[in-house]
Amino acid sequence: MNIRILALPFAAIAALALSTLPTSAASQTVQERVQRGDATVQRLNNGQTQSTLERMRREFPFLAEATEAYALGDVWSRTELDSRTRQLAAVAAFAAIGETVFMKVHAGYALNIGVSEDELKEVIYMVTVPAGFPKAIRASQVLSELFAERRAAGVKQP
């Protein structure tokens, strides 16, 4: 067997490896990725910043930048899923692992972009299967709080 890849110079191997990275991560600066992340939050949060991220930016600037550049700028801004599907998946994932604080944030985003309360309830019903009733029940309590807060604030739902 003739293995020619070993004869390739290191630079060629590195270039090949870099060419497999998503374009956004390989060709953009951290600041560009942060800006894309900020635009993602603004789009999901009715033109507002995200308060948890802003607090984190003051106390833990590196963590805030990493979150905004990678999670929001690289992952959340991808186009393979529409925002609606991405938010429903996030709500389900956070509910299933018991991270109801993050689930509530993403449920709010989902409501902001047109997901209905009934659709979010269905996601929580689905969580009973992989994650069990205790996590689904806790998630339902947090969603009920979110719904009540939004009604009290006069936010209209579809």
Identify whether Leu72 and Leu63 are in the same connected component of the hydrophobic contact network (ILVMFWY, side-chain heavy atoms under 4.5 Å).
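Shared cluster, yes.
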Over all atoms of both residues, closest heavy-atom pair of [X] and [Y]:
{"X": "Ile124", "Y": "Ala139", "value": "CD1-CB, 3.7 Å"}
{"X": "Ala95", "Y": "Val127", "value": "CB-CG2, 3.9 Å"}
{"X": "Thr128", "Y": "Ala136", "value": "CG2-CB, 3.4 Å"}

Sequence neighbours left out, what passes salt bridge (charged side-chain N to carboxylate O under 4.0 Å, His left out) with [X]? Give chain and number order.
{"X": "Lys104", "value": "Glu149"}
{"X": "Glu122", "value": "none"}
{"X": "Arg55", "value": "none"}

Only counting residues at least two apart or in another chain, list the ones meeting side chain to side chain contact (heavy atoms under 4.5 Å, CB included) with [X].
{"X": "Gln35", "value": "Gln31"}
{"X": "Val123", "value": "Leu88, Val91, Ala92"}
{"X": "Val30", "value": "Arg33, Val34, Glu65, Ala69"}
{"X": "Ala64", "value": "Leu53, Met56, Arg57"}

Could you walk me through whether Glu117 and Arg150 pass salt bridge (Lys or Arg N to Asp or Glu O under 4.0 Å), step by step?
CA-CA 11 Å; Glu117 289 182 4; Arg150 291 174 69 97; over 6 Å; no
List in chain and number order the residues that pass side chain to side chain donor-acceptor pair (under 3.5 Å) with Asp118, two or more places apart in sequence or in another chain; answer none if no residue qualifies.
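So Asp118 forms no side chain to side chain donor-acceptor pair (under 3.5 Å) with any residue.
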Using a side-chain heavy atom cutoff under 4.5 Å and only I, L, V, M, F, W and Y, what cluster partners does Ile137 have?
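Phe133, listed by chain and number.
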Determine all donor-acceptor pairs shorter than 3.5 Å in which one atom belongs to a side chain in residues 141-148; sequence neighbours excluded.
{"from": "Gln141", "atom 1": "OE1", "to": "Arg138", "atom 2": "NH1", "distance (Å)": "3.3"}
{"from": "Ser144", "atom 1": "OG", "to": "Ser140", "atom 2": "O", "distance (Å)": "3.1"}

Taking the inter-plane angle between the rings of His106 and Trp76 on a 0 to 90° scale, is it parallel (under 30°), tilted (30 to 60°) or perpendicular (over 60°)?
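Ring orientation, 0 to 90° scale: tilted.
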Less than 4.5 Å apart, any side-chain heavy atom of Val75 and any of Tyr70?
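With C-beta onward as the side chain, the pair touches.
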For residues 37-48, tabulate all N or O donor-acceptor pairs below 3.5 Å that involve a side-chain atom, not counting sequence neighbours.
{"from": "Thr40", "atom 1": "OG1", "to": "Arg36", "atom 2": "O", "distance (Å)": "2.9"}
{"from": "Asn45", "atom 1": "ND2", "to": "Thr49", "atom 2": "O", "distance (Å)": "2.8"}
{"from": "Asn46", "atom 1": "ND2", "to": "Asn112", "atom 2": "OD1", "distance (Å)": "3.2"}

From Ile97 CD1 over to Phe94 CZ, what is the distance, rounded to the nearest 0.5 angstrom?
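It is 6.0 Å, given to the nearest 0.5 Å.
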Within this structure, what is the CE-NZ distance for the pair Met103 and Lys135, rounded to the nearest 0.5 Å?
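One gets 13.0 Å once the value is rounded to the nearest 0.5 Å.
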Salt bridge (charged side-chain N to carboxylate O under 4.0 Å, His left out) pairs, two or more places apart, involving residues 80-92
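Non-adjacent pairs meeting salt bridge (charged side-chain N to carboxylate O under 4.0 Å, His left out): Arg78-Glu80, Arg84-Glu119.
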